2 protein chains.
Amino acid sequence: MLSLDEKIAGEIVMAEKPGSAMKKWRLVFKASQRDVARAMGVSPSMISDYESGRRRSPGAQFIRRFVGALLIIDEERGGEIRKRYSMVQSDAIISIGEFSEPVPGEKFLSIIGGRDISGVAPKREIFGYTIIDSIKAIVSLDPNDYLQIYGWSTERALIFTGVKYGRSPMIAVRTHMLKPAMVVYHRPQSVDNLAIKLARIEGIPLVVTDLSLDMLKKSLEDMRIK
Amino acid sequence: MLSLDEKIAGEIVMAEKPGSAMKKWRLVFKASQRDVARAMGVSPSMISDYESGRRRSPGAQFIRRFVGALLIIDEERGGEIRKRYSMVQSDAIISIGEFSEPVPGEKFLSIIGGRDISGVAPKREIFGYTIIDSIKAIVSLDPNDYLQIYGWSTERALIFTGVKYGRSPMIAVRTHMLKPAMVVYHRPQSVDNLAIKLARIEGIPLVVTDLSLDMLKKSLEDMRIK
DNA sequence: TACTAAAAGCGACAATTGTCGAGTATGATG
DNA sequence: CATCATACTCGACAATTGTCGCTTTTAGTA
């Protein structure tokens with residue numbers, strides 16, 4: 001998932017001049033060199049050394065503390081900047097994660113205790129998952145959230161909870177540009193024939209699982225990058 | 001902008017054990033320690049040293065080369081992984097970037113050779129910009145692109161090219177939740193009164209520039225983090 | 001089991017960072 | 001213009017990284 005601290009850290013590392021990127025972010029957070037130094041527990045000259053280029057390649061540990069310091073300073077001031085730079089997280093997304101290694105569709109099926117009802121062979125490998133609250137998704141999912149659903153790879157399983165007939169989720173997938181590797185319904189009340197038809201047309205396996213939501217979340221989290 | 005290299009770098013830096021994160025990504029890219037070492041131009045034992053924890057805090061430079069090596073290896077093999085993990089980039093977005101430091105609205109105006117036509121004082125600082133092709137935006141901008149337009153901060157200037165009357169862009173801004181710090185029309189054919197009215201209601205400065213697109217892109221790119 | 005590729009370990013040494021503090025420059029403000 | 005806060009410069013030294021090549025395990029397989 002894209003978190004602000006990783007974003008800042010990544011930008012610092014990949015910048016030609018890490019010091020410049022550090023300066024940029026320090027200014028974004030409206031903090032003085034001293035503020036940051038104090039929050040990091042180091043002398044202000046270190047910050048200056050990097051920003052000026054005397055030191056050029058800060059270590060991972062240093063960067064981590066630097067980013068942490070910015071976020072702490074901001075939090076003490078009410079978290080203004082963090083809020084501004086953080087994406088709105090919709091509560092329609094229950095859980096999201098990327099796996100530490102690709103999981104074959106078949107194996108994924110057995111892990112979530114699912115059974116295919118579409119007859120489409122799960123031939124794509126799965127790199128991550130998103131659990132979505134169908135009801136809230138309809139009510140509150142604004143356009144900004146779509147990208148979040150897809151996390152870092154479209155090669156993922158979309159798992160819908162609170163499904164009544166199972167039509168809406170498949171229609172959403174159908175009209176949507178990005179195609180998941182698998183669609184899972186969690187304890188649906190029923191599954192409409194139209195959903196199955198759409199799954200076949202799209203070539204996306206449609207799967208039903210009866211595992212409890214907690215179990216489901218737990219097994220999926222165990223496979224995540226740690 | 002969310003790019004894969006920054007994402008990986010950020011994850012490595014922020015991990016409790018950078019070495020484990022490095023290992024994870026190396027495996028995602030299905031490369032051996034030796035592959036990576038060769039692509040980086042260092043001895044394989046260095047990779048081992050980090051993955052095993054003998055060295056714990058790799059420098060920014062090292063991480064950059066490491067990430068670069070993974071991407072190069074992948075590219076030689078056809079770019080499978082990169083494609084899988086990269087988001088689709090809409091061609092409605094011509095250019096997008098974040099500045100190395102906040103730019104006062106007034107200064108930004110002079111840089112892009114713009115003049116205000118709304119009478120709204122540009123009091124917010126500007127952290128980045130997005131150049132959007134109005135025509136393509138209308139035709140092809142699907143919900144997924146909205147987040148991309150806003151990059152990493154809403155404190156940015158949205159620059160629209162190919163503007164005919166200037167109504168649509170402001171209407172989009174009006175109905176959209178996220179508010180840019182400034183809206184710029186690039187060589188509009190004309191500017192409707194409604195656009196100006198909306199700008200005033202929203203309190204967002206509406207600006208026109210006649211700089212060539214190339215010049216515009218160049219000046220903006222010069223201000224980016226390097 | 002013997003062979004091979006991949007990974008882990010380790011000793012050694014130069015280069016760089018991590019760290020401080022003191023002194024200097026710059027800039028805003030009373 | 002005197003003052004305070006912020007930022008920049010720099011010397012110094014210990015700790016760690018950056019780097020190699022060689023050896024030992026480990027794991028997969030002929």
Side-chain angles (χ1 to χ4, degrees), chain A residues 9 12-70 73-74 76-77 81 100-101, chain B residues 9 12-70 72-74 76-77 100-104 106-107 125:
Chain A
I12 291 173
V13 170
M14 295 308 293
E16 262 175 49
K17 295 177 185 167
S20 304
M22 286 167 68
K23 180 171 187 175
K24 172 205 149 180
W25 282 105
R26 180 172 64 77
L27 293 177
V28 164
F29 280 82
K30 297 189 203 301
S32 72
Q33 293 185 340
R34 195 166 49 179
D35 289 340
V36 179
R38 190 168 36 202
M40 287 179 72
V42 303
S43 131
S45 64
M46 290 206 66
I47 312 297
S48 169
D49 280 349
Y50 277 109
E51 291 188 1
S52 72
R54 185 190 181 200
R55 300 294 154 82
R56 56 192 72 226
S57 183
Q61 193 172 222
F62 187 89
I63 299 175
R64 201 176 331 140
R65 279 190 293 152
F66 177 81
V67 174
L70 291 184
I73 290 171
D74 186 51
E76 282 168 358
R77 294 174 181 166
I81 315 290
S100 43
E101 50 187 272
Chain B
I12 291 172
V13 170
M14 295 308 292
E16 331 79 84
K17 293 178 185 167
S20 305
M22 286 166 69
K23 181 170 188 172
K24 170 207 145 181
W25 281 105
R26 178 173 65 76
L27 293 177
V28 165
F29 279 82
K30 297 186 205 300
S32 72
Q33 293 185 343
R34 196 167 46 182
D35 290 339
V36 179
R38 191 168 35 204
M40 286 179 72
V42 304
S43 130
S45 63
M46 289 207 67
I47 311 297
S48 169
D49 281 349
Y50 277 109
E51 290 188 2
S52 71
R54 186 188 181 201
R55 300 293 155 82
R56 57 194 74 223
S57 182
Q61 195 171 213
F62 187 88
I63 298 176
R64 202 177 330 141
R65 280 191 293 153
F66 177 82
V67 174
L70 291 184
I72 283 171
I73 289 171
D74 185 52
E76 283 169 356
R77 295 174 179 166
S100 44
E101 47 189 277
V103 180
E106 295 289 0
K107 191 179 169 203
E125 287 188 311

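The shown structure was predicted, so the numbers you read here are calculated from the model rather than taken from an experiment. All heavy atoms count here, side chains included; hydrogens, waters and symmetry mates do not.
The side chain of A:R65 places an N or O atom within less than 4.0 Å of a non-bridging phosphate oxygen (OP1 or OP2) of C:dT19.
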Margin query: Please encode protein proximity along nucleotides 5-11 of chain C as a string of B, S and -, counting only heavy-atom distances under 4.0 Å.
Written below: -SSBBBB

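Rounded to the nearest 0.5 Å, atoms OG (A:S48) and NZ (A:K23) are 9.0 Å apart.
Remark: A:S45 engages A:S43 in a side-chain hydrogen bond (donor to acceptor under 3.5 Å, both in side chains) (not counting sequence neighbours).
The two atoms that bring A:A69 and A:V36 nearest to each other are CB-O, 4.1 Å, heavy atoms only. Residues A:R26 and A:A31 approach most closely at NH1-O, 2.9 Å, considering heavy atoms.
In this structure, A:R65 contributes its side chain and A:G41 its backbone to no donor-acceptor pair below 3.5 Å.
If you measure from atom CE of B:M46 to atom C1' of C:dA12, you get 14 Å, rounded to the nearest angstrom. Distance B:F66 CZ to D:dG18 P: 13 Å, rounded to the nearest Å. Rounding to whole angstrom units, CE of residue A:M22 and C1' of D:dA7 are separated by 15 Å. What separates CZ of B:R56 from C1' of D:dA15 is a distance of 12 Å, to the nearest Å.
Aromatic rings from B:F62 and B:Y50 are positioned such that their centres are separated by under 6.0 Å.
Comparing C:dT17, D:dT19, D:dC20 by their closest approach to the side chain of A:S57 singles out C:dT17.
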